[in-house]
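Notes follow once the structure below has been shown.
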Amino acid sequence: AFRVAGFTICHSNANKKGCSKACSQVIEIVGTNCGPKGQYSFIDREGGKRIMSDPKVVDFLLKITPDACKAEVMTKVFEKEPPPDFESEDYANDRFFRTFTSFGFLGVLLCIGKLLRVKVSAFRLINMPVCLISGMLGLILKESVGLVSPNTCEWMKHFFMAGWGDVSYMCYVVIFGTMFIGAEVPSVKEIWLTGAPQMAFGMACQHGVWITALTTTQLLIGAGFKIPGYFGAAVPLGFVGSHGAATQFEATFTEMSWDNGFNLVLMNATFGLMGGLLAGTVVVNIILKLGLIKPTALAGNFEVEDEAGTAEGAADDGWIEVGLIPKEQQQPIGYRTTAAESMESVVLHLGIIGVMLMIGYSAKQVLTAIENTSSFLQNIGLLSAIPFFTCCMLTGLALNTILIKLNLAFIVDKETIDTLGTVCLEVLISAAIPTTDMSGGLDAVTPFFACCCSVFIFMLVMLFVVAPLMFPNYPYQRGLFEFGQSTASTPMGFMLIKMADANCPAIVFKSIGCYVLMDGPNYGIWMAVVSVTFPSASAGTKLLLYSGTYWTFWLILYFFVIRPAFGCPAVTGSSETPKEDSFAPMASGAGTTMSERRISEHNLSRNVGKTGSTRQRSSASQAIEMSRRSVF
């Protein structure tokens, strides 16, 4: 129990101290650390000190404080106005409309972001995407309002950002789940040959991040900083695992009484998200200025079929300069696979994504149920540690295989699927950044920045020095993906590729697709190892040893198995006459590389200009587009 504003509040578990559970009862006892397992650290308010050191204490305190005393507690203890009760009748109208206002506010930020990119040449000069501009704008607005009026900021988050955190994670899962839907699945041998170079570089980066962060931690401890040996593990958990890793390891942090672990991983995920994109934007511009990535020309020299007889050069290039495509050069983002009178094609694709999510969720629950049947499996913790997005990714691949076996693969349009994945990518960035909690609850700011900066330096070395030595071709496109994935998340890697090379060859995306397919189960196993190792003694040393072993294993595998196969066409692809490379996540949406067979099927013509791939259909193909698919 502890005394606040002249009365005593009892925690529900404080009866062991002889305290009554009735919160209204005044008892002259003042205690500390009443939260479960020290989760909340209460400080006696002598000398004007606040009574809490954890931001969650405010919410916890209000839950156990009598209603009549909440205002007094907030004003006298926390020196702020009592927060509004958003569930009261006063906010009934806001609650009804908050779904619309939250969606509308996200749309407003995106439109303002696009307007800023059109009007401010500096954003175009550094190739900053609109989703990043709108996300940063939302974060600045939220934090600015919070400085002026915390209650107004809470109202803003409650009614204008409702569900943004859930939407961000859902988009993250959908991006993985749709990677292989609509793809032509290669053989196991081709998956290995195509994805092995990317896998080797990815493992060198990911486990190199663990080694760098944990080694930096040991150096900081040697320099006199009072931090645990596993402090640096929060960096790769946040950078590579993103915000989902914090939720996954929250119970583990509580078990090991590392109170700041949860907030630390969240801060690392946020720092990685913003730092990865901002640093990635700078890196992309450096690469382009140095000419390390040449604008990739698409195969074939096709002319655009202009039915109106207007020369393409007549289009206003001014619109292209600001990122808007004139009507004469606009391109389709997908094709119908159903007759309009039966079902809208996009709705069918959304339904397929919904089926994938439900099966992925069921698979996750089945794995957890299997683990709960055995104490041995529970002690290992492997099955329950497999991330949800991994289940969905494998489910999407299985669903795609079933459609191919049933000869129904034609009902899925890869361009539509990839466009939906790109939409999720941009929504994820736009919504995740403004919802970031900047408080973080960090007690060791210097070690935090030291570990983060050391990881960024390591990734820059991997990108500019190691990538050209390890990859058979397109080293900077491939390296940029891993730079984004290892400092922010997998979707960020795709974003950096699109920023650097709008017409990135399909073999790059295909190799990444094969790599992600192999890395999904591998990452789940590694997370299980981390989860089991964390609560043990000398966890930092053990994780450093495990990462070093794994890093060495893939280095040996690269030199003796992977590199000798670089001459194989499955590894390098063909830049002159590309084959069907549909097993390439997000490679066909938003105007990127499109296979020759796909062009031939739809009677398309292609032209390569400033905006990338421009695709147009002839009038004949438009007339007969759905005649052979009307059965659906």
Side-chain angles (χ1 to χ4, degrees), residues 200-223 225 227-246 249 260-261 263-284 286-287 436 440 442 444-467 470 476 478-493 495-496 519 523 526-527 530 534 539-541 543-552 554-555:
F201 183 76
M203 293 301 98
C205 289
Q206 291 185 28
H207 288 279
V209 168
W210 280 88
I211 294 171
T212 301
L214 290 171
T215 301
T216 303
T217 299
Q218 298 301 320
L219 294 175
L220 291 170
I221 293 175
F225 286 92
I227 54 176
Y230 46 76
F231 180 89
V235 176
L237 282 177
F239 279 20
V240 182
S242 191
H243 294 78
F249 280 86
N260 285 331
N263 281 332
L264 187 61
V265 175
L266 280 179
M267 282 295 294
N268 276 288
T270 301
F271 187 86
L273 181 66
M274 294 189 293
L277 271 174
L278 293 174
T281 301
V282 174
V283 167
V284 165
I286 292 175
I287 289 176
T436 299
L442 293 175
V445 177
T446 301
F448 166 75
F449 281 107
C451 290
C452 290
C453 291
S454 65
V455 167
F456 271 104
I457 293 173
F458 167 77
M459 286 306 304
L460 288 173
V461 172
M462 293 297 294
L463 174 60
F464 287 101
V465 178
V466 181
M470 288 190 67
Y476 295 103
R478 297 171 184 255
L480 275 173
F481 170 80
E482 196 57 45
F483 181 89
Q485 176 175 255
S486 295
T487 57
S489 64
T490 301
M492 299 307 104
M495 177 65 70
L496 293 181
D519 186 44
Y523 180 75
W526 174 248
M527 286 295 98
V530 174
F534 246 138
T541 304
L543 289 174
L544 183 59
L545 177 63
Y546 296 158
S547 294
T549 302
Y550 210 76
W551 189 85
T552 304
W554 275 99
L555 193 64

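The model shown is predicted, which means the values in this text are computed figures rather than measured ones.
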Atom pair [atom1] ([X]) and [atom2] ([Y]), whose distance is rounded to the nearest 0.5 Å:
X      : Y      : atom1 : atom2 : answer
Thr281 : Ile286 : OG1   : CD1   : 11.0 Å
Tyr523 : Met203 : OH    : CE    : 10.5 Å
Ile211 : Leu543 : CD1   : CG    : 11.5 Å
Phe458 : Cys453 : CZ    : SG    : 15.5 Å

Open item on the list: For Phe534 and Tyr230, take the angle between the two ring planes, folded into 0 to 90°, and tell me which bin it lands in: parallel under 30, tilted 30 to 60, perpendicular over 60.
Closed with: perpendicular
Smallest separation among heavy atoms of [X] and [Y], with atom names:
X      : Y      : result
Gly229 : Leu214 : O-CD2, 4.0 Å
Pro447 : Phe225 : CG-CD2, 3.8 Å
Ala467 : Leu463 : CB-O, 3.3 Å
Gly232 : Ala213 : O-CB, 3.3 Å
Trp210 : Ala233 : CZ3-CB, 3.7 Å
Phe483 : Leu460 : CE1-CD2, 3.9 Å

- [ ] Mind checking side chain to side chain contact (heavy atoms under 4.5 Å, CB included) for Ile457 and listing every partner two or more places apart, or none if nothing turns up?
- [x] none
Does a side-chain heavy-atom distance below 4.5 Å link [X] with [Y]?
X      : Y      : value
Val455 : Pro236 : no
Gln485 : Gln206 : yes
Thr217 : Cys451 : yes
Phe231 : Ile221 : no

- [ ] Quick one: do Phe481 and Phe201 satisfy side chain to side chain contact (heavy atoms under 4.5 Å, CB included)? Show the steps, please.
- [x] CA-CA 11 Å; Phe481 170 80; Phe201 183 76; over 6 Å; no
Task: Residues Val530, Tyr546; criterion side chain to side chain contact (heavy atoms under 4.5 Å, CB included); working and verdict - done: CA-CA 9 Å; Val530 174; Tyr546 296 158; over 6 Å; no
Open item on the list: Quick check: His207 with Trp526 (ring centres under 6.0 Å apart)?
Closed with: yes
- [ ] With side chain to side chain contact (heavy atoms under 4.5 Å, CB included) as the test, would you mind laying out the steps for Phe448 and Cys452 before giving the verdict?
- [x] CA-CA 6 Å; Phe448 166 75; Cys452 290; 3.8 Å; yes
Open item on the list: Before you tell me yes or no, could you show the steps for Leu480 and Ile287 under side chain to side chain contact (heavy atoms under 4.5 Å, CB included), namely the whole-Å CA-CA distance, both residues' side-chain angles and the distance that decides it to 0.1 Å?
Closed with: CA-CA 10 Å; Leu480 275 173; Ile287 289 176; 4.0 Å; yes
